[in-house]
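We count residues from 1, following the sequence as given. Remember, it's a predicted structure, so these values are computed and weren't measured experimentally. In listed order, ligands and their atoms are each counted from 1.
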Amino acid sequence: AKKRGRNRCELESSAHGDPDDGRMNRRGELRRAIEDGELCLFYQPQIDLISGQMNGFEALVRWDHPDRGLLAPSAFIDFAEESGLILPLGAWVINAAVAQQAAWHRSASERPPVRMSINISAIQLNDPRLEEMVTEALERHGVAPGLLTLEVTETALTADPDAALRTLEILKALGVRLAIDDFGTGHSSLTYLKRFPIDELKIDRSFIAGLTTDSKDHAIVASCVQLAHATNLIAVAEGVETPTQLSALTELHCDLAQGYFYTRPMSAEDLEPWFIPRPEN
Ligand code: C2E
Ligand code: CA
Ligand code: CA
Ligand code: CA
């Protein structure tokens, strides 16, 4: 009876086009979102801890879903990676972020050009067309490669370190900057820091969260900043939420900080006020 029950289920599901229907619908929906302009970018400022001035932005993707409203990446990035749609999605992000850099520059060319960081998934890093995609976006919009930072996670680098090294060297040769994201959460060996042509180390938010309350987190953040500087990297703290975290990071000589203490990620329009330089004090 069990067996029959199962068969009946199978029959039923094939009659409805399942089991993969939900998945296919989801895939179709995300594909359409990418093609029809339902994705958008939010930007979070990165602040220079010495000057107090804005140094650039991290672009963070959102899905402005017609029924479900504004969706955070946690709602769709994993699925994008599993379904392969991360490649067209990632291509859209690269182009949109660079286009926004160019637009901001055009709208006030007396301002210093805007630096932008974008997140690159492990799958994109393995895509042989990544270099061409980045080059094309920069050329199309007339943005200097040195103004673009590609953030990759430790995990993306350690899965196949030799392949990752080749890709990073190709990207580095374009003149873009490279950052290790979520540093401290993966299992990167210090050897990679030495071998990989990295420019920035982004200390994971989980360590910043305990920075002023947990002596171990404080020690970890201090070591990350020292390690970054000892290997000629810039240290970036993410997830800064309080003034005490900010002063601790300043004392540790961390270079850049981003987090809700300054602002949540915002749309390009809402960010306009951030372009007005702050008065010197
Ligand atoms: P991430 O790269 O580590 O980005 C930082 C995340 O921390 C963002 O979440 C940001 O909104 C959040 N955040 C910033 N400041 C604070 C803070 O002070 N406190 C707290 N609690 N959170 C803060 P978001 O935008 O939801 O993005 C989540 C993740 O999704 C990103 O983590 C990144 O891994 C991924 N992601 C975002 N955009 C893209 C993209 O365009 N491509 C790819 N492949 N992944 C992306
Ligand atoms: Ca990031
Ligand atoms: Ca991060
Ligand atoms: Ca993260």
Taking heavy atoms and a distance under 4.0 Å, where does R264 meet ligand 1: side chain, backbone, both or neither? neither

Tell me whether R62 has any N or O atom under 3.5 angstrom from an N or O of ligand 1. yes

Would N95 and E136 count as having a side-chain donor-acceptor pair, cut-off 3.5 Å? no

R129/D127 ion pair, N-O < 4.0 Å: yes

Could you work out, with side chain to side chain donor-acceptor pair (under 3.5 Å) as the rule, every residue matching R32, not counting sequence neighbours? none

Distance in Å, D36 CG paired with E29 CD, rounded so as to fall on 0.5 Å steps: 11.5 Å

When you look for heavy atoms under 4.0 Å from ligand 1, do you find them on the side chain of V93, its backbone, both, or neither? side chain

So the atoms of ligand 1 within less than 4.0 Å of a heavy atom of S121 turn out to be 44 (N)

Neighbour count >12 (heavy atoms, 6.0 Å) for atom CD1, I50: no

Atoms named by residue and atom, protein N, O or S, within reach of the Ca ion (ligand 2) (under 3.0 Å): E58 OE2, N119 OD1, E151 OE1, D181 OD2

Give a yes or no on whether a salt bridge exists between R115 and D48, defined as a side-chain N under 4.0 angstrom from a carboxylate O. no

Heavy atoms only: which of P265, P73, A72 lies closest to atom 35 (C) of ligand 1? P73

Taking non-hydrogen atoms only, is E238 closer than 4.0 angstrom to ligand 1 via side chain, backbone, both or neither? side chain

Between R205, E151, E241, Q245, flag the one that comes closest to atom 6 (C) of ligand 1 by a heavy atom. R205

Taking both backbone and side-chain atoms of E81, is any N or O found less than 3.5 Å from an N or O belonging to ligand 1? no

Check whether the side chains of E81 and S121 place a donor and an acceptor atom closer than 3.5 Å, and report yes or no. yes

Filtering F76, F42, Y260 for the heavy atom nearest atom 22 (N) of ligand 1 leaves Y260

Are side-chain N/O atoms of Q258 and E238 paired as donor and acceptor at under 3.5 Å? no

Would you call R205-D182 a salt bridge at under 4.0 Å N-O? no

For D182, atoms of ligand 1 separated by under 4.0 Å from a heavy atom: 3 (O)

Quick check: closest heavy atoms across L125 and I120, and the distance to 0.1 Å? N-CG2, 4.1 Å

Applying a heavy-atom cut-off of 4.0 Å, say which part of L41 lies close to ligand 1: side chain, backbone, both or neither. neither

Got an N/O contact under 3.5 Å between G259 and ligand 1? no

Is the cationic atom of R264 (NZ for Lys, CZ for Arg) positioned less than 6.0 Å from the six-membered ring centroid of Y260 and within 45 degrees of its normal? yes

Return a yes/no value for Q44: is any of its N or O atoms, backbone included, closer than 3.5 angstrom to an N or O of ligand 1? yes

Both conditions, 6.0 Å and 45 degrees, for the charged tip of R26 above the ring of F79: are they met here? yes

